There are 2 protein chains.
Amino acid sequence: MHHHTDTIIALATPQGTGAIAVLRISGSESIRITNLFFRGKDLEKQPSHTVHFGTIRNSADRNSEIIDEVLVTLFVAPKSFTGENVVEISTHGSPYIVQKIFQLFIDYGVRPAKAGEFTLRAFLNGRMDLSQAEAVADLIAADSEASLQTALKQMRGGFSKEIQALRQELINFASLIELELDFGEEDVEFANREQLKALLANLTKVLQRLLDSFRLGNVLKKGVTTVIAGRPNAGKSTLLNALLNEERAIVSPIAGTTRDTIEETLLINGIAFRLIDTAGIREATDTIEAIGVKRTLEKVKEAALLVYVYDVAETTLAEAQQDVLTLLTPTMDLVVVANKIDLRPDSQGFVLPQTMNNPELRLTANNPADIENLKQTLWQTVAYDYQADQTLVTNARHYEALQGALQSIKAVQQGISQSLTSDLLALDIRTALHYLGEITGEITNDDLLANIFSKFCIGK
Amino acid sequence: MHHHTDTIIALATPQGTGAIAVLRISGSESIRITNLFFRGKDLEKQPSHTVHFGTIRNSADRNSEIIDEVLVTLFVAPKSFTGENVVEISTHGSPYIVQKIFQLFIDYGVRPAKAGEFTLRAFLNGRMDLSQAEAVADLIAADSEASLQTALKQMRGGFSKEIQALRQELINFASLIELELDFGEEDVEFANREQLKALLANLTKVLQRLLDSFRLGNVLKKGVTTVIAGRPNAGKSTLLNALLNEERAIVSPIAGTTRDTIEETLLINGIAFRLIDTAGIREATDTIEAIGVKRTLEKVKEAALLVYVYDVAETTLAEAQQDVLTLLTPTMDLVVVANKIDLRPDSQGFVLPQTMNNPELRLTANNPADIENLKQTLWQTVAYDYQADQTLVTNARHYEALQGALQSIKAVQQGISQSLTSDLLALDIRTALHYLGEITGEITNDDLLANIFSKFCIGK
């Protein structure tokens, strides 16, 4: 692990012209160096969390040219984001001024920060664990209430606490098991096998629950890919427009009006549904429509949620069921919309064979109450088991580590049932601990960190 | 004049995703309202210029959902940019989070700030005069050392001081003249006419100097439109590339290579030269080139500085002089470049008829020392009378007001020489005072202010 003791600088606000821009400087020397160029109060004598008005000069020479009038905010270690001395310089929002001040510090030997380096330092200095640091990037990318709340919860440590508690229990058992090793041939059991079995069963349950939460977590973070499919003229585009409450797709009574797939985001109770309207599925009558139908079938494959729409006056139940069976894959959620129900109020319900037990909505696409009902159904379909204070896994790296941990725990369980020796059990427990430690960063390495933080923006 | 007492909010940093974003709130209620949504220290009990970590909640309810972890900076009136209570909320740089917090304040009755409204309030609350406020916008738009320094000097009040000093002298005389009016028919002269004449002569001189500085001021602020023109194959594109030190324009020995005009900015000693390379001027051999030549002639008309390039081996002095006389207008500066001098080191110098006394450079476009020499010549041509601490007029509105003032002063001078009565003199002096007062904002009105501040960005 490198030691990160040098002083770094980056623009923390977005590029471009604005009222103000903020440059962030972190490192033990950050206040002393800023003080060289600042005319105003002596920054080295000011308390943490104070703001000072003054000018930044073009060099350490007291009489050199002014670059800008600025506000300097001081955060004295360890009471800062990175845990180091941090200075924020709020300048007038001219890219030219920002560049000049940036260059001034670079010329003095301050280093331009790499992507995510401030957050990396926060992690290395123990201000947050790795999963919390990762949540900072998720928070900045948040674009729905659900993604925001999931990232906030993770950043504030909810997820870490659960993982750390599991890990601590395992560590306790690992110590007992390893104590047995010290006694070699004596065949003692310090770790009560029945208690260990109970703990392992509990661990399996919790890990499985966290793994299961990944699908929902991902949905909350990234939104639900929702494909609206059905036969031509079933009213798919009318449904899309009604859901979005705008005339997004061209609607006509002519079958095959929609050719390109149309994608729009709809927020329902804070979850982003990426709605995709598609060309109707049928034998296409022209080449462009044929391409449209091909795209539809490709889009359907990517769907997390299939909204199958059929016209009760035109399509029989048998035909509709056949369509759904053709389109649906085992990982998809399904909502069936029996449309134009006002034309056939007596039409029968939709029952899918066997295990399929998905909601069907009998509605008319231009009835606002029906559309509201559909929205709630869509939400419930993906978020039926969502509880506001639930720990959710949203990060593919965490998911993989949890899978590794679960596998190792299962190996331990199997080992116990086969009466394996303590040293073999200890090995699998250590592997599980390793995986759990990777999530919070108790176990880490430079490559892993570089990989995580390179995805951050510069200045964070 | 409206009273600006309500509380306003705007995003102060550029739009988009970044590490942080800053929302700025100004008004007497800004700290109290922020405190409603903030969980952390009681903001109403904290001193000015302090920073506080905490969370912003989705409503005034203590237990409502967190929107973000933030840093709140307090500026207590009158020690703030606007002179009112100001709060800056530094959030994670997600547009979604910014929008949520913005909406939270709007829902509570805080008003979205109009363009430039923070600076307008700074003016209305006496934190700066009008010409200083205008300089804030120039500062944000600054893109060269000269434009930055000119805007900074104006923002820091250098220009205002000179105008205010002039105005004060005039006010003193105006009082004396108006005192004469009170004595009506008695024909007294409190204002010594000789002293008044001396003051007016001095005023005329200063106003004329300020007016003359507008051309240079504008150049420093906006840069110099510099057109490189000449016959085909004279080496114009080679010269452009050499000045920019990069292969910006396609260069070939074939006459007519450049068709589109190419525009690039070159900074020389802090002044921005907007270099425009053009198609060579000649009878075009094809349609596209003909369009190019037409564009060249149009571009030349816009030039503040003409760089005429000719090939000493191909073009006679008489031809070159004829070209220049065709292209040059009275308001243009001229630099003549006798190119490819290495091929004809004995070629003669370039003398323009009569008053024209412009530098000619004999050079080879691929000789770095020659190019450096050309750069210095370009700089001297526009900035020959530039002194670092000189007051410069850069703003068209100020220029017009100064013109108005000068005109009135000249009317006063004429009035004295024609022995006009005090009341007529007083009228013209009042007009001059009005114009000068408009610059610093001592005389103003809502339309003028709206016009000035609508050009600002929102958040400033």
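Lettering of chains follows the sequences in order, A, B, ..., and the numbering in each one begins at 1. In this text the structure is predicted, and so the values were computed from the model without any measurement.
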Quick one, B:Arg156 and A:Thr55 - any side-chain contact, counting heavy atoms below 4.5 Å?
yes
Using a heavy-atom cutoff of under 4.5 Å, enumerate the residues of residues 57-64 of chain A that contact chain B, numbered in order, or state 'none'.
none
Could you please state which residues from residues 8-21 of chain A sit under 4.5 angstrom from chain B, measuring non-hydrogen atom to non-hydrogen atom, sorted by number, or 'none'?
A:Ala12, A:Thr13, A:Pro14, A:Gln15, A:Gly16, A:Thr17, A:Gly18, A:Ala19, A:Ile20
Picking from [options], which has the most non-hydrogen pairs under 4.5 angstrom with chain B?
options                              : result
A:Phe118, A:Phe75, A:Phe53, A:Phe456 : A:Phe75
A:Thr73, A:Ile67, A:Val22            : A:Ile67
A:Ile140, A:Thr50, A:Leu152          : A:Ile140

Can you name the side chain to side chain contact (heavy atoms under 4.5 Å, CB included) partners of A:Ser30, sequence neighbours left out?
A:Thr7, A:Ile25, A:Asn85, A:Val87
Residues of residues 142-151 of chain B with a heavy atom under 4.5 Å from any heavy atom of chain A, in residue-number order, are B:Ala142, B:Asp143, B:Ser144, B:Glu145, B:Leu148, B:Gln149
Nearest-0.5 Å distance, NE2 of residue A:His49 to CD of residue B:Gln46
11.5 Å
Using heavy-atom distances under 4.5 Å, tell me whether [X] contacts chain A through its side chain, its backbone, both, or neither.
X       : value
B:Ile97 : side chain
B:Leu74 : neither
B:Lys79 : neither

Is it true that atom CG of A:Asp107 has more than 12 heavy atoms of other residues, nucleotides or ligands lying nearer than 6.0 Å?
yes
